[in-house]
Amino acid sequence: MGLTMKRTLINELKQHLGQEVLVQGWVQEVRNLSKIKFVILRDRTGDMQTLALQTDTEPDSFALIDTLTKESVVEIIGIPKENKESRWEIEVLIKKLSIISMAEVPLPTDNTDKSQTQIDKRLDYRFLDVRNVKKNAIFKVRSKLVKIVTNFFDKNGFTNINTPKMTTIGVESGAELFEVNYFGKPVYLAQSPQVYKQMFVVGGFERVYEIAPVFRAEKSHTMRHLTEFTGVDFEMGFIQDEHDVMDFIEKMVKDLLKNVKKEAAAELGMLGVELSLPKKIPRLTMAAAKKLLAEKGKTFSEDADLDSESEKLLGELIKEKYNSEFVFITNYPWAVKPFYHMKSEKFPNTTKSFDLLYNGVEIASGSQREHRVEVWRAQAREKGLDPATMTKYEELFRYGCPPHGGAGFGLDRITHRLLKLDNIREAVLLPRDPERVSP
Ligand code: ATP
C-alpha cells in the first residue's frame with residue numbers, strides 16, 4: 001500500500017484539502033469512541049488528528065486501530081478536511097491504515113506533555129523523549145542557531161576549520177584534561193581549540209572559526225556545566241584591541257537573535273519563548289561590576305573572579321539599569337585569566353579580556369591575545385609555566401604574527417539561556433557529565 005503515492009507531510013496538508021493523500025508517522029494517541037476513532041499522528045513537521053468512521057474507513061483498517069499501540073509507525077491514506085473546531089484546524093479522514101512498525105508496550109518512558117518521567121530516565125531514552133514536539137523544538141532551534149551563526153561567520157570572511165580533538169597541546173589548567181591512551185602514550189581530549197585557532201590566524205586565514213566538541217574534566221554538578229560541550233570558537237587577526245572582538249560579537253548576537261526569531265518562530269511559539277532583540281550591549285569593567293555588586297552587599301577582593309550567584313545578580317542589575325539582557329564584563333584581573341591574554345595598559349593588573357553574560361549566565365569568554373613573543377614568554381613564566389615546554393605554541397609568535405583576539409561560546413549555553421531552560425542538559429541531545437557517559 002502507498003507504494004505509488006508520494007508522502008505528504010503534516011504541514012503540507014493545507015495544500016491538499018479534499019484530495020487523497022498518504023501520510024506516515026508515529027501514533028501519538030488513540031481514542032476509541034466505537035463508531036468514531038481518533039489517531040493523533042506525528043511526523044517531523046508536527047502532529048495532527050486523523051479519524052476513522054465506520055461508514056468511510058475500510059473495515060480492516062477500522063478494526064486495526066483497536067490494536068494500535070502508542071509510538072507505532074503507521075501509514076494512512078485519507079482525505080484532509082478543514083475542521084475549524086479542532087485545534088489542528090485540519091483533520092484527515094482515514095480510508096486505509098496500515099502498521100509499518102508496531103511499538104512494544106509498555107513504553108519505557110512517557111513522552112507526552114504531561115509526563116512525570118524524571119530527566120535521567122528521559123535521557124536514557126532520548127530517542128523517545130525528542131519525539132515530543134516541544135522537546136524536538138529545542139533541537140530545531142539549536143540547529144537554526146548553528147546555521148545562522150555559520151552564515152554570519154561566512155559573510156564576515158571567516159574560514160571554518162576542524163582541529164584535532166586528541167592532542168598533547170593544552171593551554172588551560174591541566175586539572176581539566178581527560179587523558180586518553182594513544183597506543184600506550186598519554187594524550188588529552190582537547191579542552192579548547194585555542195592554540196589551533198591562533199595557529200591558523202597566523203597561517204594566513206586571518207579569521208577562523210570552529211564549531212566542535214570541547215572536553216572538560218570538571219566534576220561540576222551544576223545546571224550549566226557539562227564534561228563535553230559544543231564550542232563555537234573564533235579568532236580574528238589584525239585587530240586594534242579587544243573592543244574589535246566585542247564589536248564583532250555584538251553584531252553576531254544581534255544577527256543571531258533577529259534571524260532565529262524569524263526562522264524558528266513556530267518552535268519559539270511552541271516553547272512559549274519571546275525574544276527581545278538587543279540594542280547596544282553595555283560594556284562594564286570588572287571593577288565597575290564589583291562596585292555595582294557592592295551596592296547590593298556583595299563584596300569581592302580586587303583579584304577575585306565572579307561566582308555564579310553574583311553573575312546572576314549582575315544580570316538583574318544590568319536589566320534594571322540598562323534594560324539589556326546582555327552585558328560584557330571587561331578587564332578581568334590578571335590573576336584569574338590565562339597567561340596568553342594580553343595585559344591592559346589602561347587598567348593595571350587586568351587583562352584585555354571579557355566575558356559575555358546573557359540573563360546572568362556567562363555564554364562566552366574572549367580577549368586580545370599576547371602576540372609579542374618576549375611578552376608572551378614573560379607572562380608564561382609569571383604564571384609558573386615554562387615556555388620551553390610549549391615550543392609548538394611559542395613558534396606561532398616567531399615567524400610573523402598579527403595582533404589578534406577571539407572568543408569561545410558554548411552552543412549548549414546559548415540554547416539554554418535563549419530558551420530559558422532550567423537545565424543545560426535539556427539543550428543537549430546526549431549530555432555528558434561526571435555521572436553520565438551513556439547512551
Ligand atoms: P564557567 O566560568 O561558566 O565555568 P569557563 O570560564 O570555564 O566557564 P571558558 O573556558 O571561557 O569557560 O569557555 C568558553 C565558553 O564555553 C563559556 O562561556 C561557556 O559558554 C562554555 N562552557 C565552558 N565550560 C563549560 C561547561 N563545562 N559546560 C558547558 N559549557 C561550558
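Computed from heavy atoms alone, side chains included, the values below leave out hydrogens, waters and symmetry copies. All ligand and atom numbering here is 1-based and tracks the order in the structure. Only a predicted model underlies this, so the values are computations on that prediction, with no experimental measurement involved.
- Among all heavy-atom pairs drawn from Pro186 and Glu179, the shortest one is CB-OE2, 3.5 Å.
- Note: an N/O pair closer than 3.5 Å links Ile363 and ligand 1 by distance alone.
- Aromatic rings of Phe158 and Phe248 (six-membered ring for Trp) have centroids within the 6.0 Å cut-off, being under it.
- Among the atoms of Phe229, none of the N or O lies under 3.5 angstrom from an N or O of ligand 1.
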Before you tell me yes or no, could you show the steps for Glu250 and Arg283 under side chain to side chain contact (heavy atoms under 4.5 Å, CB included), namely the whole-Å CA-CA distance, both residues' side-chain angles and the distance that decides it to 0.1 Å?
CA-CA 11 Å; Glu250 189 162 335; Arg283 294 175 195 185; 3.2 Å; yes
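- Remark: distances from the non-hydrogen atoms of Leu226 to ligand 1 include one below 4.0 Å.
- Ligand 1 places these atoms under 4.0 Å from at least one heavy atom of Ala364: 18 (O).
- Heavy-atom contacts from other residues, nucleotides or ligands closer than 6.0 Å to CH2 of Trp26 number 12 or fewer.
- Within the listing of ligand 1, atoms 3 (O), 28 (N), 29 (C) sit less than 4.0 angstrom from a heavy atom of Arg224.
- Counting the atoms of ligand 1 from 1 in the order shown, those under 4.0 Å from a heavy atom of Glu218 are 27 (N).
- Checked against the 6.0 Å centroid criterion, the rings of Phe215 and Phe178 do not qualify as a close aromatic pair.
- With a heavy-atom cut-off of 4.0 Å, Arg216 touches ligand 1 through its side chain alone.
- Checked for salt-bridge contact, Glu374 and Arg377 meet the test: a charged N lies under 4.0 Å from a carboxylate O.
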